[in-house]
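The structure under discussion appears below in the form of structure tokens.
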Amino acid sequence: MPVAGEAALPVWAYDAQLPGPVMRFKRGEWVDVDLHNRLPEATTVHWHGIRLPNAMDGVPHLTQPPVASGERFHYRFRLPDAGTYWYHPHLGTAEQLERGLAGALVVDDDSPPPVDDDLVWLLDDWRLDAQGRIAEDFYRFHDVAHAGRLGQRITVNGRVDTELPLRVGQRVRLRLINAANARIFALQPEAGVDAWLIGRDGMPTPAALVWDAPLLLGPGMRADVVIDARQAGRFAIQQLGGREAGALATVVVSGSGQAAARAAPEPSGFEPPPAPDLASAAVHTLRLGGGARSRDGWPEDSEADRQARQQRRQAGAKEADPAWTINGVAHTGDHHAHHAPAFGVTQGQSVRLIFENPTAWWHPLHLHGHHMRVLARNGTPLADATAWRDTVLLSPGDRVEVAFVADNPGRWLIHCHVLEHHAGGMGTTFEVAG
Ligand code: C2O
Ligand code: CU
């Protein structure tokens, strides 16, 4: 059994590895993966952040049928962009991901900044019960309606007490992936190492940014960082968020003397996704609602819906009660196809999306099939408006404007990546007519 922490923990895993194997490719290469589902229940695989054809996106009932226990599905698609991506189930996600199903997919840059090492750190937290097993209280309504399922044990690549050994003068690239159900990591290196942010959600930042303040990484989000070891010692990478604040990992630098400060790493050149044309963009607003302490109360739950849910539960489905809405509608379970899309556009149309979060909670909103530019937060244009994201984090009260070119035909999901929020209704779709 793979190990999380000090004791062996029974998990669900891809290829019997925790996390799943790092899949590594060059830009333009094809991914060719045969999923053979040996779980006791149906699953799918979603390739988070990759601009791939709709039929390969892994959203059950929307882009493909669920892959039943014992069955297979073939995923095959080309990789248009370099960067740090990841894969995870998209069915019963709050449970399947929490049980360990997640892995990194790295597409190497054509001209990466030179580094001595290039590592993936997949971050997660685990809720363990009194016996040290994965707590079975998936979809607990309190979690669904509040901050989601937080776990008390934080791991890097499935292990606690991670150390990163370096020698004075070395430079390393870390690809951070937040695979936790609900935890927002707030990461900051201790003084003594120099650190830079060079990419987010797979796409390079326009210039390297000094990393000396908490870097917020919501569920689903990635950050590519570079660390320069300048002197010997032990330097924590602090995790400042939540009750489990402490060292995420420790950079252990050996050697002697003091290395000179190095120039900022050159962000890798890249071919950005098509730039949205704001003047002609279709404008749509997605307003979040619900959750505990909400002014507008719980989403409507008709007797018919309640009964249908009851029947699915009796048939073995694990499902959350509705707690969240987008534009007044709760998409619970994995049943997006039953609802009309929030909006439709024709292929190639620029879209300006306004996310409004009047709820009392944080929400990392994930857009499938496209990358978006974050234009403004609460009316203030982002300095970094040329950066691309596939997931954007909203704090309570936030109003965030994004834009993208809807160039990928199909029906796509937008949802909160706090998996319990998604299960409790915070998801919707939009249709790109090809
Ligand atoms: Cu990483 Cu729709 O998910
Ligand atoms: Cu949310």
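All values derive from a computational prediction rather than experimental measurement. For ligands, and for the atoms within them, numbers begin at 1 and follow the listed sequence.
His415 contributes NE2 as its N, O or S atom closest to atom 2 (Cu) of ligand 1. The atom name of the N/O/S atom in His368 closest to atom 2 (Cu) of ligand 1 is NE2. Restricting His363 to its N, O or S atoms, the one at the least distance from the Cu ion (ligand 2) is ND1.
Coordination check, His48 versus atom 1 (Cu) of ligand 1: passed, since an N/O/S atom of the residue sits under 2.8 Å. With 2.8 Å as the limit, His422 does not count as an N, O or S neighbour of the Cu ion (ligand 2). The Cu ion (ligand 2) has an N, O or S atom of His421 closer than 2.8 Å. In summary, an N, O or S atom of His90 is located under 2.8 Å from atom 2 (Cu) of ligand 1. With 2.8 Å as the limit, His366 does not count as an N, O or S neighbour of atom 2 (Cu) of ligand 1.
For the pair Leu367/Trp412, no side-chain contact is recorded, criterion being any heavy-atom separation below 4.5 Å from C-beta on.
Of the options His336, His363, His46, a ring-ring contact (aromatic ring centres under 6.0 Å, His included) to His422 is made by His336 and by none of the others.
Thr44 and Gln64 are not linked by any side-chain donor-acceptor pair at a separation below 3.5 angstrom, with hydrogens and angles left out of the test. For Asn378 and Thr380, the side-chain atoms include no donor-acceptor pair closer than 3.5 Å. His368 and Asp390 are not linked by any side-chain donor-acceptor pair at a separation below 3.5 angstrom, with hydrogens and angles left out of the test.
The aromatic rings of His146 and His142 lie parallel to each other, their planes meeting at an angle below 30°, with 60° marking the opposite boundary.
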